Participant: 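I'd like to ask some things about the structure below.
Quantities reported herein were computed from a predicted structural model and do not represent experimental measurements. Only this structure's heavy atoms are used, side chains among them; waters, hydrogens and symmetry mates stay out. Numbers here simply count residues along the sequence, with the first being 1.
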Amino acid sequence: MNASDVGLLIDDDELYLRTLQRSLTRHHLETRTAASIAEALRVAEETQPAFALVDLKLGEDSGLTLIRPLRALRPDMRILLVTGYASVATAVEAIKRGADDYLPKPATAPMILRALGLVKAESTAIESTMTPLHRLEWEHIQQALHECGGNVSAAARLLGMHRRSLQRKLAKKPGPERDLTLE
C-alpha cells in the first residue's frame, strides 16, 4: 500500500470522523467517510479502498459485521478496528473475522500510519502514540456539549462539574502547544 491509495473511515461520531479525515489528509492520505454500515458498504463498493478504519460501535450496530464484507470486496484491504471500548474479547473476535489490527480510540494519525505500514515504528517517538490528556479532556467536553445541544449548564451536570469550572475550561483557547488535531 502507498500513501496515494484511498482509505475509508467508518464512525458514527461525525466530529471525530471529520477531525481524523483532516489529520490524515495532512499526511497525504485521501479518505472517504461513512457513518453507518449501509453507507460504508456503498462507499467501499464505489471506491475499493486500500484500507478501512472501522469503529466497533456504529450506533446500534457492530463494526465487526463489516470486516468480512470489506475483506470479500478487496482481499488486500488493510482493516483496522478502532474502539473506545477495548477488550481482549473484541480484539480476538476482530482478528478472527479478518481485521489486520485493533487500535484504541482516539487513534492518532501516527498510530494509524504505523498500523497501515506507512511509517516505521522506530521513526516516531513513543509519545506520539499517547493522546495528550488536555486533548482527551477537550474532546470529552466537546462531546458533552454536543450531547446537550450546547447547553453549558446541562453539559456541566453531565460531566459532574460546576458550571463555572466548565466555563473556565471552555474559555481557554487551545494554543499551538495544545494543538487539538489528531497529529
Participant: Restricting to non-hydrogen atoms, name the atom on Leu166 and the atom on Ala155 that form the minimum distance, rounded to 0.1 Å.
Facilitator: CD2-CB, 3.9 Å
Participant: Looking only at heavy atoms, which two atoms of Leu20 and Ala107 are closest? And how far apart?
Facilitator: CD1-O, 4.0 Å
Participant: Roughly how far, to the nearest 0.5 Å, is CE of Met161 from NZ of Lys169?
Facilitator: 5.0 Å
Participant: Please round to the nearest 0.5 Å and tell me the distance separating atom NE2 of His162 and atom CZ of Arg157.
Facilitator: 11.5 Å
Participant: If every non-hydrogen atom of Gly98 is compared with every non-hydrogen atom of Ile67, which pair is closest and at what distance?
Facilitator: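 Minimum heavy-atom separation between Gly98 and Ile67: C-CG2, 3.6 Å.
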Participant: Quick check: closest heavy atoms across Arg68 and Lys96, and the distance to 0.1 Å?
Facilitator: NH2-O, 4.4 Å
Participant: Write down the atom of Pro49, the atom of Ala44, and the distance for their closest heavy-atom approach.
Facilitator: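 Where Pro49 meets Ala44 most closely, the heavy atoms are CD-O, 3.5 Å.
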Participant: So, Ser23 side chain and Thr19 main chain: donor-acceptor pair closer than 3.5 Å or not?
Facilitator: no
Participant: Check whether any side-chain N or O of Thr47 sits under 3.5 Å from a backbone N or O of Val43 as a donor-acceptor pair, and report yes or no.
Facilitator: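 Answer holds: yes.
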Participant: Hey, does Leu8 have a side-chain heavy atom less than 4.5 Å from the side chain of Met77?
Facilitator: no
Participant: Sorted by first residue and then second, give each salt bridge (charged side-chain N to carboxylate O under 4.0 Å, His left out) pair with at least one member in residues 49-58; sequence neighbours left out.
Facilitator: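 For residues 49-58, and leaving out neighbouring residues, the salt bridge (charged side-chain N to carboxylate O under 4.0 Å, His left out) pairs sorted by first residue read Asp55-Lys105.
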Participant: Whether the side chain of Glu39 engages the backbone of Ala35 through a donor-acceptor N/O pair (distance < 3.5 Å, no angle test) should be reported.
Facilitator: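 Yes; at least one donor-acceptor contact below 3.5 Å.
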Participant: For the pair Glu30 (side chain) and Gly7 (backbone), establish whether a donor and an acceptor sit closer than 3.5 Å, ignoring hydrogens and angles.
Facilitator: no
Participant: Does a side-chain N-to-carboxylate-O contact under 4.0 Å join Arg71 and Asp100?
Facilitator: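 Result for this pair is yes, salt bridge flagged.
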Participant: Heavy atoms only: give me the nearest Ala115-Asp101 pair and the separation to one decimal.
Facilitator: CB-OD2, 3.5 Å
